Amino acid sequence: MTPYLLLSAALFSIGTFGVIARRNILIMLMALELMLNGANIALVAFARMHAAANPDGTSTAAIGQVFVLVVMAVAAGEVAVGLAIVISLWRTRRTVDTNDLQMLNG
Amino acid sequence: MTTADWTAILPALCLITAAIAVVGADLWLKGRQIMLLAIISAIGASGALGLLIAHLRLDDGVHVAFGGALVMDHLAALLGVGVTVATLLVLFMSTTDVRRRHIGFGEYFGTLLLGAAGMLLLLGSNDFITMFVSVEILSISMYVLTGVTRRNPRSNEAAVKYLVSGAFASAFLLMGMAYLYGVTGSIRLDQIGAALSTGTTSPMLIVGFGLLLVGFAFKIGAAPFHMWLPDVYEGAPTSTTAFMAVAVKAAAFGALVRILMVAGVGRSDLWAWPLWGMAAGTMVIGNLMAAQQTSVKRMLAFSSIAHTGYGLVALSTMRAPYGSFASEGASAALFYVFAYTFMTLGAFAFLIYLGHEVPVAGRLETEWQDAEHLDDFAGIARRRPWAALAMTILLISLGGFPPTVGFVGKFWLFKSAVDQGHYALAILGVITSLVSLFYYLRVVVVMFMKDPIHTDEKTHWTIGAVVAFATVATLAIGIWPDAFLDAARKATDELSAPKAVATAPAPTDAAPQVALTPLP
């Protein structure tokens, strides 16, 4: 159990670091995917744990796996919209670097 | 599907059907006939509004649908009314605004309706899968609406910033949900609440609840997770900003109240003090930053952060300093969020009302520019006294003066804080409200006392009507708030009634209280 959770926490942390530290929007989007996948691994690991803890109560365990499938679909949708937004940014600004996004003073 | 299933999902279905119809019709009409598309959208939104009001009027208890995944109760109906009214008003003013900005009608209306559907689902969601999916439906729609003026670099920049911070917040939400599922073995809020109330404490529980709170703090724009909000609100087209400021906030607040009162009710030790800190920080930061802005649009963005802080005050005071629990704070927060819908929507609509055309550098065309700077408001009262009066009323309401709804809302907020013994928060709230008067009244002074600088604004009656409606609603609910206060109180009564959700078709598996044991 613990190795899976450590893996998931590590992926999530790497993703968080990537979003905060990197300045290229495409890499930030990849880091976001890492964060979601870290959470997915945690969900699957917990589903396995609950299945082992009560072998006859299948639906509590299955729900974690269903959740993961839903998250994958949602993440795909999010990336599709994200890339579209990045493309339209590129068309008007010719940049995908967050350091260049200074039009809104914040 | 049972009757309860239909009751819970029909309002959202109305909006989704209308969205599909609009996008499909747009395909045939090829960008003409904006009024027809607007009428289809309005029919869908009015249908949803009618169903929600019917639920409030019938008052026939909590409907638990889809095995506990979705519920329809007073919380979902009351804030749902706020969301659908906001949708209708934004639709109404965007018939003018969308044409001026050369946005595709079909995609604008369709995305708006889908976003609203996500909000209704979020307000009713009672398990983590529904909640996560509906958060994403509304967030993705809002990313699109923020960047919908594709040729405007500011709008693009705002969309990218919103996308990155919004997806970041969603990842935190998901990780929190995963940990809570790990600790309790369930994703249903009521089962999680039952499992947690036995008093388990594990590091994973604390981390999970913390991640969940961080995710929601991002979505509602609470300090210290508010950095994205002013930029996004400033860069987005103003009609989108108005929708974001009221509807997204209402939906996320409603979901947060549901989580705290259903899943976290026995464990206010986990969330009350973090919320206390966020409330204090958000009020101070929001108001101090708002006071420094010269752009009115940006000022309203910071003021929306400040108002989030007031809402959080009420939520954090559900737990008294000595540990007892009272749900008064939640009903005060719900009423405040509902009331906030009208005043903020009206104020943003006023910015569009005073918009004018400016030439685009290097091209032989003009683009639409809303009144954003303080100078744009100079001397408005001489030319348009009624509009200036309406804006004054809206600003006074935002500042919390009687006889407006802003006063009633703040009164209940601070009353709940004092009742529960949170004097420090109440005092801080009153002081920051006084600070807020400074920057709200500055706009009024500029409108009434300064000489005009621009006189080329192009008003349109649709937007004027939205401002007028918002103003009348602000005054009317301020003078007769009882029906809405009752609804807010009933909402929290239903949430804290132990058996609100147990009337559901009993799940085949009881939530097991599973200890963290290693896998074989």
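Hydrogens, waters and symmetry mates play no part in the numbers below; they use all other heavy atoms, side chains included. Letters A, B, ... are given to chains in the order of the sequence lines, protein chains preceding strands, and every chain is numbered from 1. From a predicted model like this one, the values you see are computed outputs, not experimental measurements.
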Inter-chain contacts: residues 35-43 of chain A against chain B, heavy atoms under 4.5 Å: A:Met35, A:Leu36, A:Gly38, A:Ala39, A:Asn40, A:Ala42, A:Leu43
Answer yes or no: is there a side-chain heavy-atom contact under 4.5 Å between A:Thr92 and B:Asn152? no
Under a 3.5 Å cutoff, is there a donor and acceptor pairing between the side chains of B:Lys219 and B:Ser139? yes
Among B:Val164, B:Ile129, B:Leu163, residue most engaged with chain A (heavy-atom pairs, under 4.5 Å): B:Ile129
Contacting region of B:Phe168 [heavy-atom separation from chain A under 4.5 Å]: both
Which portion of A:Met28 sits near chain B, non-hydrogen atoms under 4.5 angstrom: side chain
Give the minimum heavy-atom separation between B:Ile305 and B:Gly286, together with the two atoms involved. CG2-CA, 4.1 Å
Under 3.5 Å, side chain of A:Arg93 to main-chain N/O of B:Asn156, donor-acceptor pair present? no
How about residues 72-79 of chain A versus chain B: which residues have heavy atoms under 4.5 Å apart? A:Val74, A:Gly77, A:Glu78
With a 4.5 Å limit on heavy-atom distance, are the side chains of B:Thr149 and B:Trp368 in contact? no
Honestly, the part of B:Pro153 sitting under 4.5 Å from a heavy atom of chain A is both
List in chain and number order the residues that pass side chain to side chain donor-acceptor pair (under 3.5 Å) with A:Ser13, two or more places apart in sequence or in another chain; answer none if no residue qualifies. none
Greatest number of heavy atom pairs closer than 4.5 Å to chain A - which of B:Ser165, B:Ser170, B:Ala167, B:Gly235: B:Ala167
Look only at the side chain of B:Ser141 and the backbone of B:Leu112, and say whether a donor-acceptor pair between them is shorter than 3.5 Å. no
Would you please name every residue forming a side chain to side chain donor-acceptor pair (under 3.5 Å) with A:Thr16, sequence neighbours left out? none
Let's test your reading of the structure: which of B:Asp127, B:Val144, B:Val133, B:Ile187 forms the most heavy-atom pairs below 4.5 Å with chain A? B:Ile187
Would you say the side-chain atoms of B:Ser155 pair up with the backbone N or O of B:Thr146, donor to acceptor, closer than 3.5 Å? yes
NZ/NE/NH1/NH2 to OD/OE distance under 4.0 Å, B:Arg154 and B:Glu367: no
Heavy-atom cut-off 4.5 Å, strictly under: side chain, backbone, both or neither for A:Ser88 against chain B? both
Relative to chain A, which of B:Arg151, B:Glu234, B:Met227 shows the most heavy atom pairs under 4.5 Å? B:Glu234
Honestly, the part of A:Phe67 sitting under 4.5 Å from a heavy atom of chain B is both
Residue part contacting chain B, namely of A:Ile25, when any heavy atom lies under 4.5 Å: side chain
Provide the closest heavy-atom pair for B:Gly208 versus B:Tyr179 in the form atom of the first, atom of the second, distance. CA-CB, 3.7 Å
Between B:Asn126 (side chain) and B:Gly68 (backbone), is there a donor-acceptor pair under 3.5 Å? yes
Heavy atoms only: give me the nearest B:Pro230-B:Ala301 pair and the separation to one decimal. CA-CB, 4.0 Å
Report the relative orientation of the aromatic rings in B:Phe218 and B:Phe172; use parallel for angles under 30°, tilted for 30 to 60°, perpendicular for over 60°. tilted
